[in-house]
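The structure appears below as structure tokens.
Both backbone and side-chain heavy atoms feed into the values below; hydrogens, waters and symmetry mates do not. Numbers here simply count residues along the sequence, with the first being 1.
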Amino acid sequence: MAVLACMSEQYFGPVLERLGAPPVVLTWTLMAPEAYLLEALASTVSRHGPSDARALRAALVAAYARYRRISLRSAASVFSRVGASRSPVAR
């Protein structure tokens, strides 16, 4: 079992923390944050608000799967889990 740090948290976490800005979405892998993800995020925030982490992640996973033509399971492996710890996590 490998130990992996959340990729976006590794790069942006310290900056966001210093700014006092809680992250909305974090990723486990390198990926291109394209417009369809921003659209899914904005649509979900307008329906559920910015603090419904499960709805935000579900919308991003569904959009990523659809546009990348991959399974939901594969798409889900890109985005960190809701409530993931702020330290390296065993996967």
Q) With sequence neighbours left out, which residue pairs that include part of residues 25-46 fulfil the salt bridge (Lys or Arg N to Asp or Glu O under 4.0 Å) condition? A) Glu34-Arg68
**Q.** Partners passing side chain to side chain contact (heavy atoms under 4.5 Å, CB included) against Arg18 (at least two apart in sequence or in another chain)
**A.** Pro14, Val15
Q | Phe79 and Leu37: CA distance, side-chain angles, deciding distance, side-chain contact (heavy atoms from CB on, under 4.5 Å) verdict | A | CA-CA 12 Å; Phe79 300 96; Leu37 293 173; 4.1 Å; yes
Q.
Quick test of your reading: applying ring pair (Phe, Tyr, Trp, His ring centres under 6.0 Å), list the pairs with at least one residue in residues 32-53, sequence neighbours left out, ordered by first then second residue.
A. Tyr36-Tyr67
Q) To the nearest 0.5 Å, how far apart are OG1 in Thr27 and OH in Tyr11? A) 10.0 Å
**Q.** Check against side-chain contact (heavy atoms from CB on, under 4.5 Å), Tyr64 and Ile70
**A.** CA-CA 8 Å; Tyr64 196 72; Ile70 59 176; 3.9 Å; yes
Q: Return the minimal non-hydrogen interatomic distance between Ala59 and Thr44, and the atom names on each side.
A: CB-OG1, 2.9 Å
Q | Remaining members of the apolar cluster that contains Leu38, side-chain heavy atoms under 4.5 Å | A | none
Q: Output all residues satisfying side chain to side chain contact (heavy atoms under 4.5 Å, CB included) with Ala58, sequence neighbours left out; order by chain, then residue number.
A: none
Q: For residues Leu72 and Ala62, report the shortest heavy-atom separation together with the two atoms involved.
A: CD2-CA, 3.9 Å
Q) Does Ser71 have any side chain to side chain donor-acceptor pair (under 3.5 Å) partners at least two apart in sequence or in another chain, and if so, which? A) Ser74
Q) Backbone N or O of Ala40 within a donor-acceptor pair of the Ser43 side chain at under 3.5 Å? A) no
